[in-house]
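Right, one structure below, let's go through it.
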Amino acid sequence: MSDFMKAYEKWLTDPYFDEGTRAELEEIKGNEKEIEDRFYRSLEFGTGGLRGVRGAGTNRMNIYTVRQATQGLANYIVAHNGQDKGVAIAHDSRIMSPEFAREAAKCLNANGIKTYLFESLRPTPELSYAVRQFGCIAGIVVTASHNPREYNGYKVYWEDGAQVTPPHDTGIMAEVAKVTDFSQVKTMDEDDARAAGLFQVIGTDFDDKYVAEVKAQSIHPEIIPEMAKDIKIVYTPLHGTGNVNVRRVLRELGFTQVYVEPQQKIPDGSFPTVAYPNPEDPKAWELALKLAKEVDADIVLATDPDADRLGVYAKDTATGEYKSFTGNMSGMLIADYIFREKQATGTLPENPALVTTIVTTDMTKPIAANYGARLVEVLTGFKYIGEQIKIFEATGCNNYVFGLEESYGCLAGTYARDKDSIVAVMMLCEVAAFCKKQGKTLVDAMEDLYQKYGYYREGLATLELKGIDGAAEIQKKMENFRTNPPKELGGFKVLAARDYKADERVDFATGEKTSTGLPSSNVLYYELEDDAWCCVRPSGTEPKIKFYFGVKGTDMADAEAKLAGLRADMLKGQ
């Protein structure tokens, strides 16, 4: 009998597993392919935590795999004498998220670790803020972010409020890997945990503190009441956690014409109106754009289910159509506004820093230079941006002003250490109000940036390869790129290749090899002539391989043509 079938039989017959789990597994009896997919491995606890399809099995998100991961985390916390500091826990609107959050809390409590559990769903950035406010050793958010509805997940934060980075990420992974049997997993009754003072609930009064921190990032709050009657905003939380805080922040700042998409405002983990609740997916915008046209909105906003990412459309008054903004575009609008207006008001700190990732737009370079800011590039993942805040505070070398990544995530201020769509909504609406006072739209403001800094354009393509065969194919493709680096892409000569896994940059003209200067990661990056670049890496949360592209054109048509050629060449044969 195969190992996966042995595991299946154990789950099917062992009384440790609840009746519902065993009934679900009875339904797939005889379906060897499905059984294999559920049991061929244990759901991997990666550098960010867990992410997987809900259901019964070792390769699924369920109360047992959540407990197993939490026991590993608990062992790591106890080894670092952090049990008295405790762990803050939040969850999103997905199916089973409240249950998983409670199971995690009870497992930690059984290990003598205090927990602070939000009373109901909350945005991920509020959890980041809570970790530091309560002085916790760690934090957990139960979420699958923008993944399809069948997924759920579990992200781990450390005491600085950012998602875990080295050495804690690998240390936690090692402890989780040691929990090989459910007999090693502890849990306890919730009432007993409350009586022991281990299980505490975070109420709505904490929201007041978080919202105050968000609002404190506003630079020109006086402009908003003045222009509020002239700006119409359509917003959708995509059935997630953003609705309450987004509406509250906009209302308290003075925006009066905010229309929430009615079918998508209620939290619902089945996502009845959208299969893929991702602001990057055009299909997710259908209802919000319909409402925008009905009310003649200036801007249309969408936050993902755990409200850490923001998508944007803005009305182009020249055509009457709504134009999609990438995460790079909206991030640059906010970044330039913050640096410009802080400089104008004398509030830009000394040694300012703009932090971004290696796959984010290169427009960050001239913007940083224009305001005398240091540009810091890190690996993909906002946790590395959050880590820089900790480094700046520890060394005093720089002051963090703004951070962004291409995948619709940014953070103004340092109250949180993860991307925050609530503050992104507020800042973008403030930018819109500022522009409106000057008789401009966000589309006009973006064109101003292109004319000032250059026509930078970026793209992303993904290749989905599911299951055990897909995982092997992804690794095969990465190795092929690694061992056979291209010499030319999209008509651009390849000047250098960076292999972050090997920590090596090779200059093709001289043959010189140098360090990348960043931690090891399975990422390949190609520097091309004429300010172009491309990058390839496996997704850390989905069975996909991702291709990123960037160019700089003489105008938008030139940039789009260059980008299309680069994309086609990079994907050739994939």
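For this chain, numbers begin at 1 and follow the sequence in order.
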**Prompt:** When you measure from the side chain of R149 to the backbone N and O of S270, does any donor-acceptor pair fall under 3.5 Å?
**Reply:** yes
**Exercise: do T165 and D169 side chains pair donor with acceptor under 3.5 Å** = no
**Asked** Hey, does V249 have a side-chain heavy atom less than 4.5 Å from the side chain of K215?
**Response** yes
**Asked** With no hydrogens and no angle check, is any side-chain donor or acceptor of E261 less than 3.5 Å from a backbone partner on Q263?
**Response** yes
**Complete:** Heavy-atom closest pair (I367 atom, M332 atom, distance to 0.1 Å) is CD1-SD, 3.5 Å
**Request:** State, without any angle test, whether Y408 and N328 hold a side-chain donor-acceptor pair at a distance under 3.5 Å.
**Result:** no
**Message:** Less than 3.5 Å apart, any donor N or O on the side chain of H239 or T273 sitting next to an acceptor on the other?
**Reply:** yes
**Asked** Would you call V312 and L310 a side-chain contact if the rule is heavy atoms closer than 4.5 Å?
**Response** yes
**Message:** In the structure I gave you, are the side-chain heavy atoms of V378 and I358 within less than 4.5 Å of one another anywhere?
**Reply:** no
**Request:** Indicate whether the side chain of D336 and that of Y371 have a donor and an acceptor atom separated by less than 3.5 Å.
**Result:** yes
**Request:** Would you please classify the geometry between the Y337 ring and the F434 ring as parallel, tilted or perpendicular, with 30° and 60° separating the classes?
**Result:** perpendicular
**Message:** Before you tell me yes or no, could you show the steps for E387 and K383 under salt bridge (charged side-chain N to carboxylate O under 4.0 Å, His left out), namely the whole-Å CA-CA distance, both residues' side-chain angles and the distance that decides it to 0.1 Å?
**Reply:** CA-CA 6 Å; E387 182 183 38; K383 64 182 180 179; over 6 Å; no
**Request:** Take W533 and Y525, measure what ring-ring contact (aromatic ring centres under 6.0 Å, His included) needs, and give me the verdict at the end.
**Result:** CA-CA 7 Å; W533 60 272; Y525 186 105; 5.5 Å; yes
**Asked** Do the non-hydrogen side-chain atoms of N370 and K452 ever get within less than 4.5 Å of each other?
**Response** yes
**Prompt:** Just by distance, do the side chain of D316 and the backbone of K323 share a donor-acceptor pair under 3.5 Å?
**Reply:** no
**Message:** Under a 3.5 Å cutoff, is there a donor and acceptor pairing between the side chains of T124 and D308?
**Reply:** no
**Message:** Is it the case that the side chains of T143 and D92 hold a donor-acceptor pair, with the cut-off being a distance below 3.5 Å and no angle test?
**Reply:** yes
**Message:** Which residue is it: L43, N152, T65, V53? I am looking for the one with a side chain to side chain contact (heavy atoms under 4.5 Å, CB included) to R60.
**Reply:** V53
**Short side-chain donor-acceptor distance under 3.5 Å, E447 and Y455** = yes
**Prompt:** Hey, is the main chain of E341 close enough, under 3.5 Å, to the side chain of T345 for a donor-acceptor pair?
**Reply:** yes
**Prompt:** Any sub-3.5 Å donor-acceptor pair from D569's side-chain atoms to G490's backbone N or O?
**Reply:** yes
**Request:** Check whether any side-chain heavy atom of F547 sits under 4.5 Å from a side-chain heavy atom of C534, and report yes or no.
**Result:** no
**Message:** Please tell me whether T441 and D444 have a donor and an acceptor in their side chains that are separated by less than 3.5 angstrom.
**Reply:** yes
**Complete:** Only one of Y157, F206, F118, Y129 passes ring pair (Phe, Tyr, Trp, His ring centres under 6.0 Å) with F134, and that residue is F206
**Request:** Report yes if the side chains of S521 and R537 come closer than 4.5 Å at any heavy-atom pair, otherwise no.
**Result:** no
**Closest heavy-atom pair and its distance - D362, E458** = N-OE2, 4.3 Å
**Complete:** d(R54 CZ, F100 CZ) to nearest 0.5 Å is 7.5 Å
**Fill in**
When every non-hydrogen atom of I219 is compared with those of E430, the smallest separation belongs to N-OE2, 3.1 Å
**More than 12 heavy atoms from other groups under 6.0 Å of CD on E44** = no
**Complete:** Minimal heavy-atom distance between P277 and D304, with the atoms involved, is O-CB, 4.1 Å
**Item:** Donor-acceptor contact below 3.5 Å, side chain R51 vs main chain N147
**Value:** no
**Prompt:** Can T357 and E405 be counted as having a side-chain donor-acceptor contact under 3.5 angstrom?
**Reply:** no
**Request:** Measure from the side-chain N and O atoms of Y322 to the backbone N and O of A292, and report whether any donor-acceptor pair falls under 3.5 Å.
**Result:** yes
**Request:** Nearest 0.5 Å please: distance from the OG atom of S128 over to the CG atom of L411.
**Result:** 8.0 Å
**Message:** Under a 3.5 Å cutoff, is there a donor and acceptor pairing between the side chains of T303 and Y235?
**Reply:** yes
**Fill in**
Heavy atoms of S421 and A307 approach each other most closely as OG-O, 2.7 Å
**Asked** Between R309 and N278, does any side-chain donor sit less than 3.5 Å from a side-chain acceptor?
**Response** yes
**Message:** Contact between T360 and L404 at the side-chain level, heavy atoms closer than 4.5 Å - yes or no?
**Reply:** yes
**Request:** Begin with the C-alpha distance, continue with both residues' side-chain angles, and end with the deciding distance and a verdict on side chain to side chain contact (heavy atoms under 4.5 Å, CB included) for I231 and C429.
**Result:** CA-CA 9 Å; I231 294 179; C429 290; over 6 Å; no
**Request:** Give, for atom OG1 of T204 and atom OH of Y210, the distance between the pair rounded to the nearest 0.5 Å.
**Result:** 15.5 Å
**Request:** Output yes when a side-chain donor or acceptor of K155 lies under 3.5 Å from a complementary backbone atom of Q163, and no otherwise.
**Result:** no
**Request:** Kindly indicate whether the side chain of Y415, heavy atoms from C-beta on, has any atom under 4.5 Å from the side chain of V214.
**Result:** yes
**Request:** List the atom of K477, the atom of L463, and the distance in Å for their closest heavy-atom pair.
**Result:** CE-CD2, 3.6 Å
**Prompt:** After noting the C-alpha distance and the side-chain angles of R122 and D306, does the key distance pass the salt bridge (charged side-chain N to carboxylate O under 4.0 Å, His left out) rule?
**Reply:** CA-CA 7 Å; R122 290 296 192 281; D306 67 326; over 6 Å; no
**Fill in**
The reported gap from CZ in R457 to OH in Y450 (rounded to nearest 0.5 angstrom) is 4.5 Å
